[in-house]
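What follows is a single structure, written as structure tokens, with notes after it.
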Amino acid sequence: MVSVTTGLPLHNFNFRQHGLLKVYAYYRALIALTLLGLFISGISKGVAGTEIPSLYFYTIILYASINCAWPLILHRDGYTTTAFQIGTILGCDIVAFLLMIQASGGLNSGLGYLMLITCSAGSMLLDRRMSAFLASVASCAVIAQQVYGLLIGHGDTQDVFSAGSLGILLFVSVITLQYLSERIRTATRRAEHQSLQAAHLQRLAQQIVAQMRTGILVLDTNGKPELVNHAAQQLLGTQWLPDGPKSPHLQQALQLFLQRHQNHNCLLQVGHSELRANVTTLPWDHGDSTLIFIEDNRKLAQQAQQLKLASLGRLTGSIAHEIRNPLAAISHAAQLLSESANLSAEDRHFGEIINRHSQRVNQIINNVMQLSRRQPANFEMLDLRDWLKTFLKEFRTEIPNKARILTKMPDCPAMVRFDPQQLGQILTNLCGNALHYSHRCTGVYEVKIIVVCSQKMDSVRLEVHDNGPGIAKEHQDKIFEPFFTTKQSGTGLGLYIARELCEANQATIYYHQSADQHSCFIIEFADPQQVF
């Protein structure tokens, strides 16, 4: 917001009128040197300095010296001065012109009209009161000078009339230029305000685009990038180069759009991510630009599934609550029955089946109740290196003593924004599964945790590896679905809950099978500096 203050004391009113000050400074130097040259060469003989040549000569010499030094001083100060300094310079001009008029025999020399330019410059460089005061001083001084000449017998009444006419002309010119200057100042202030407002809106738009989670690309008519926000760089990764797209799918989508000249959607496979690109046009006077919105299609699908499962989650939570009491009665009855001494071996085996499956159903109910009662994420800034040390210290107390946990940490801080309790729940599930499948395949409880920090992309990734047999390809798309499991005693909710907790913390979890067919679950954390 631009604020304008008027009516300040002279010593507090600062100016920075570069153009006008520069022009007037050079004008003063030029007019002084011209008057001095005309007097020395004798061209102005009979007009300038006719009455008192010595007074005219010394006045013009001093005046030329001051006028030649002033531009140098202004240049040194960056053409920054004060109202007091400008008023002093303009006062010196009036005094110099009055002395030269006196030395030249009055207003008939024509030097009095030079004060018009001085007063006009004052009306543009000073405020209204000061410029009017300057014009009144000049008018009164000219009239007083002619009246004094009339009293001593060196003039006539025509000179007094000319002085009065000059005074009126000075006031008219000052008032006119004050009005025009005020209009110009108002228009300038309005333009500056609009310029600052436009710059503010531009910076605001740039910050919004930079912080958006949706990737935005703007390409010119030649396919060169004009704008690439941070989210687009993260989503495309190595598929984007500074001079254009590297991905052949993205290039094909762009070419198809340019051929059809209409909006076009396409799916891009970038690494382990599936991206959806929406291509449209931005019309400009100098050629149309291409606007591309890029989003993680997996997240869009997850959001759609989340909406579908929201109502189902409330329903299953209610059902689980109603099932818990009958299940507790069944389990209790089975335990009492197994304590009977008259049971046969076959009946005891059936009782064990009832107890085992009752415990499994109870575990499913607990997971469903936990999911339905899940609290919102309590975000905290965490350094994964320090947090993992604390987590693994507690996790080791819950696993076999012979279990091996291998870790690989980066040298730089791995800062993420996540709920520490929910992250612990996710990692407990992933590490527990990794230890289980590693032991089932190799006979050794082993899990490997790797933290990858990319400073270039401002991203942090957490990987959990096992030595198990891996997940069959036909099951890889279903492992995060609720109640899907390959364990005989599994509930099928562990990975589903892990994905839900990751989404609640703006993170992404996905499965990756290594070259040696082992399983790896990867959590990609969101940039902690972006808007959530």
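For reference, positions follow the sequence shown, starting with 1.
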Starting at CD of Q513, measure out to SG of C520 and round the result to the nearest 0.5 Å.
-> 10.5 Å
State plainly whether the residues E182 and R189 are in salt-bridge range, i.e. N to O under 4.0 Å.
-> yes
Drop me the distance from Y437's OH to N467's CG, to the nearest 0.5 angstrom.
-> 14.5 Å
Quick one: does H518's side chain have a donor or acceptor within less than 3.5 Å of a partner on G468's backbone?
-> yes
State, yes or no, whether a side-chain contact exists between Q476 and K473 at a heavy-atom distance under 4.5 Å.
-> yes
Criterion side chain to side chain contact (heavy atoms under 4.5 Å, CB included) on L227 and V209, from CA distance to verdict | CA-CA 10 Å; L227 173 65; V209 171; 4.0 Å; yes
Test I399 against Y445 for side chain to side chain contact (heavy atoms under 4.5 Å, CB included), laying out the working first.
-> CA-CA 9 Å; I399 59 177; Y445 291 101; over 6 Å; no
Rounded to the nearest 0.5 Å, what separation is found between the CD atom of Q506 and the CZ atom of F525?
-> 13.0 Å
Could you tell me whether the side chain of L423 reaches within less than 4.5 Å of the side chain of L501, counting heavy atoms only?
-> no
Steps toward side chain to side chain contact (heavy atoms under 4.5 Å, CB included) verdict (D419, F379) = CA-CA 5 Å; D419 187 322; F379 295 110; 5.8 Å; no
Step by step, work out the side chain to side chain contact (heavy atoms under 4.5 Å, CB included) result for I426 and F418.
-> CA-CA 11 Å; I426 295 170; F418 215 97; 3.9 Å; yes
Roughly how far, to the nearest 0.5 Å, is the OH atom of Y496 from the CD1 atom of I479?
-> 15.0 Å
Closest contact, heavy atoms only, S438 versus D466 = OG-CB, 3.3 Å
Can you spot which of I405, T390, L427 makes a side chain to side chain contact (heavy atoms under 4.5 Å, CB included) with F395?
-> I405
If you measure from CD on Q202 to CD on Q206, what distance do you get to the nearest 0.5 Å?
-> 5.0 Å
Between the CE atom in M130 and the CG atom in L125, the distance rounded to the nearest 0.5 Å is 11.5 Å
